[in-house]
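Read through the structure below, which is laid out as structure tokens, and then see the notes.
From a predicted model like this one, the values you see are computed outputs, not experimental measurements.
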Number of protein chains: 2
Amino acid sequence: MANRVGVSPRTVSRVVNDEGGFSEATRTRVLEAVEDLGYQPNMLARGLITRRSGTVGLVGVDMTDPFFPAMAEGIQNEARETGRTMFFASNDGDPQRQAEVFRSLLSHAVDGVIVFPAPGTVEQLAAYARGGMPLVIVDDIVEFPNLASVSFDLEDGANQAARHLLATGRSRIGMISSEVTVPRNRRRERGFFQAFENAPTGTAPPELVRVQPTVTGGSNGLQRLLERRSDLDGIFAFNDSMAVGAMREAQSAGYRVPDDLAIVGCNDIEMSGLVSPRLTTIRLDRPRLSAEAIRVLHYLIEAPGSNPAPLVLPVQLVVREST
Amino acid sequence: MANRVGVSPRTVSRVVNDEGGFSEATRTRVLEAVEDLGYQPNMLARGLITRRSGTVGLVGVDMTDPFFPAMAEGIQNEARETGRTMFFASNDGDPQRQAEVFRSLLSHAVDGVIVFPAPGTVEQLAAYARGGMPLVIVDDIVEFPNLASVSFDLEDGANQAARHLLATGRSRIGMISSEVTVPRNRRRERGFFQAFENAPTGTAPPELVRVQPTVTGGSNGLQRLLERRSDLDGIFAFNDSMAVGAMREAQSAGYRVPDDLAIVGCNDIEMSGLVSPRLTTIRLDRPRLSAEAIRVLHYLIEAPGSNPAPLVLPVQLVVREST
DNA sequence: TTGACTTACGTCAACGTTGACGCCATCGTT
DNA sequence: AACGATGGCGTCAACGTTGACGTAAGTCAA
């Protein structure tokens, strides 16, 4: 490459990175050769010396979570604009596995990581941040140097859902929550219960079950709620998959949705608009979340050691047919 | 690291890679220090000299395609076992964008790439393979040195779907196909038409429309088919999203599914079991596909220049409620 | 005792790039 | 004419690792 143009590698580097310190004629000749040979600078060599590999990591809990690919799409688009490529991995909700994933990312010298944390790993993640790695935690609220967090205001979302059920005349309401214990779950439950603090008189105390956050879990959850109290008329589910499971269970048990039983989901995955009746749910602006996540990550990469305030994005109740 | 143990870096390298040529005592002391310091070999430096970066690329058309994350999951698990980390990118179905993605992956010296090709890019991909990059093309059938291809036998799938409709007494059948033109689409259409070659007498000639491969596209497609022929009694859709769209359209036009109109989808995404009636569809064994893709990729990496035969996986008709 | 062989290291160079610095020609100023 | 400043390069070393090779001490057989 260099000797083909008759200049030193250093000059090629200068031209490619547009550092200045070369003549117009040299620039033209180098760029021609770059074009001809399809030359691409070797990011490994560059990263070795600049300590910037031009990569970011995205670590999720489970790639098949419908939540995830939308994030990846947004993050990739943003990352591409700053010339970074994206590593992709899942931690399976397991701290051990998450540690392995981070070791691997560290050895590849990623410039930063966006992570949906495995349960109970905030300490572990803080340690990586302390070690100098820019880190963005999604879906949790954490304050720590060199670390940012972005999340949705699901406490408010749950609150909106419950208030909506109450406002549309439901008075015997249950919540199907997730038994996977991370702090944000509790926030959703708290927002839900809070809505009952000034509920209309005659409103029954709300019921709660915790099950696996899957379609089948949703079915089981509704079953268990109905065993406790068969005259329930409103359900808030922890996510849309569970809401769909609950809906199917309700329908096959002979309840009409929404006439006998109103159901509100949470997440607005594409599916929720396709089942019948279409699911009333909490919409999350995921493109916004991914944009904010990568934006704050780039900020952390540029300004190491800073400590941005946690970002909590608003959510919106979308009323469709199931309530 | 090296000087802390009092040995040379070369010896550390020997121990870490278990090359032999060190005493048991040295091994112990080095591994202790590795543990203490949380030492991780720098893959950039290693890759620079070994020409193996320990990464593979996964390039999809669109990350939000439900097809995709399942693949990513399988590929990641396999890749992890061989100590590789996964780059992740989408080409948006655009050859230009795909070329950019490949430039980026090349500059990061990936060991190989698994790609869902953008339409019409087989030549482009063959060029990368010729340039020495091990490549696996998913969902198409290609033969070329240094390149493998894995796909589902959707020709047979479409054929099974049509035969199923005929066998259950349907005689006026339409197919909603995709207007995005890649070779495999044509295969699906061919398999579909082939089923009519020895159809029962009294079977009407099959109808075909091509629309966008989305839920809305499916709706439009059914509309157009019914304009042509309002007494259709069987539909095969190019994928499940389109089938769901067609089903919604049929129901809102007053057709009962399956009584008036039987619908068969193709893909078996999770959603298809959740709509009502549950969709009869062609099931694809995606975990198997991803396992085969990464297996053959590792083979290509180990045996550069070889030319494995295209792999075509069987598919299975799953009869549920929509037929 | 000698020489061949083995074990357990160390040394050196190289991978492709960039940071730091040096050098020469040219130019403008006095 | 002398001098400093500037533009346009090249040179050297370093990033952390590994391939190739060297070497000193120990082992073994003749």
Side-chain angles (χ1 to χ4, degrees), chain A residues 1-34 36-55 83-85 103-111 131-133 301 304, chain B residues 1-34 37-55 83-85 103-111 131-133 301:
Chain A
M1 170 72 212
N3 42 16
R4 156 153 161 166
V5 192
V7 299
S8 73
R10 193 64 188 81
T11 296
V12 174
S13 171
R14 275 191 268 252
V15 172
V16 169
N17 297 332
D18 205 20
E19 286 176 39
F22 46 82
S23 68
E24 187 53 33
T26 308
R27 199 184 85 94
T28 312
R29 273 167 38 240
V30 168
L31 290 183
E32 264 169 18
V34 163
D36 277 14
L37 302 166
Y39 166 86
Q40 282 293 118
N42 183 322
M43 297 301 278
L44 303 185
R46 175 182 292 177
L48 195 52
I49 178 139
T50 62
R51 313 259 126 199
R52 290 281 171 89
S53 67
T55 59
R84 278 181 238 269
T85 310
R103 258 204 302 281
S104 161
L105 292 176
L106 273 167
S107 77
H108 284 286
V110 290
D111 298 339
M133 166 165 299
I301 293 173
Chain B
M1 171 69 211
N3 42 15
R4 154 151 163 170
V5 191
V7 297
S8 73
R10 192 64 188 81
T11 296
V12 174
S13 170
R14 275 192 268 253
V15 172
V16 168
N17 296 332
D18 204 22
E19 286 178 38
F22 45 82
S23 68
E24 188 53 32
T26 307
R27 200 185 84 94
T28 312
R29 276 172 28 244
V30 169
L31 290 182
E32 265 169 16
V34 164
L37 303 166
Y39 166 87
Q40 282 291 119
N42 182 322
M43 297 300 279
L44 303 185
R46 176 182 290 178
L48 196 51
I49 178 142
T50 61
R51 312 261 126 197
R52 290 281 169 88
S53 66
T55 59
R84 278 181 238 268
T85 310
R103 260 205 301 282
S104 160
L105 293 176
L106 273 167
S107 77
H108 284 285
V110 291
D111 298 340
M133 166 164 301
I301 293 173

Measure from the side-chain N and O atoms of A/Asn42 to the backbone N and O of A/Ala45, and report whether any donor-acceptor pair falls under 3.5 Å.
-> yes
Could you state the CD-P distance from A/Glu19 to D/dG8, rounded to the nearest angstrom?
-> 14 Å
In whole angstroms, the gap separating P of D/dG10 from CG of A/Asn3 amounts to 12 Å
Would you indicate what [X] reaches in the nucleic acid, counting non-hydrogen atoms under 4.0 angstrom: base, sugar-phosphate, or nothing?
X	answer
B/Arg51	sugar-phosphate
B/Arg46	sugar-phosphate
B/Thr11	sugar-phosphate
B/Val12	nothing
A/Ser23	sugar-phosphate

Could you check B/Leu48 against A/Gly6 and say which one's nearest nucleotide on DNA chain D is further toward the 5' end?
-> A/Gly6
Assign each of B/Tyr39 and B/Arg14 the nucleotide of DNA chain D bearing its closest heavy atom; nearer the 5' end lies the nucleotide of B/Tyr39
Could you tell me whether the side chain of A/Arg52 reaches within less than 4.5 Å of the side chain of A/Ile301, counting heavy atoms only?
-> yes
Worked verdict on B/Thr85 versus A/Ser104 for side chain to side chain donor-acceptor pair (under 3.5 Å) = CA-CA 7 Å; B/Thr85 310; A/Ser104 161; 2.6 Å; yes
Using chain A heavy atoms and a threshold of under 4.0 Å, write down where along DNA chain C the contacts begin and end, 5' to 3'.
-> C/dG16 to C/dA20
State plainly whether the residues [X] and [Y] are in salt-bridge range, i.e. N to O under 4.0 Å.
X	Y	answer
B/Glu32	B/Arg29	no
A/Arg4	A/Asp36	yes
A/Arg10	A/Glu19	yes

Residue closer to the 5' end of DNA chain C, B/Ile49 versus B/Thr26 (nearest nucleotide) | B/Thr26
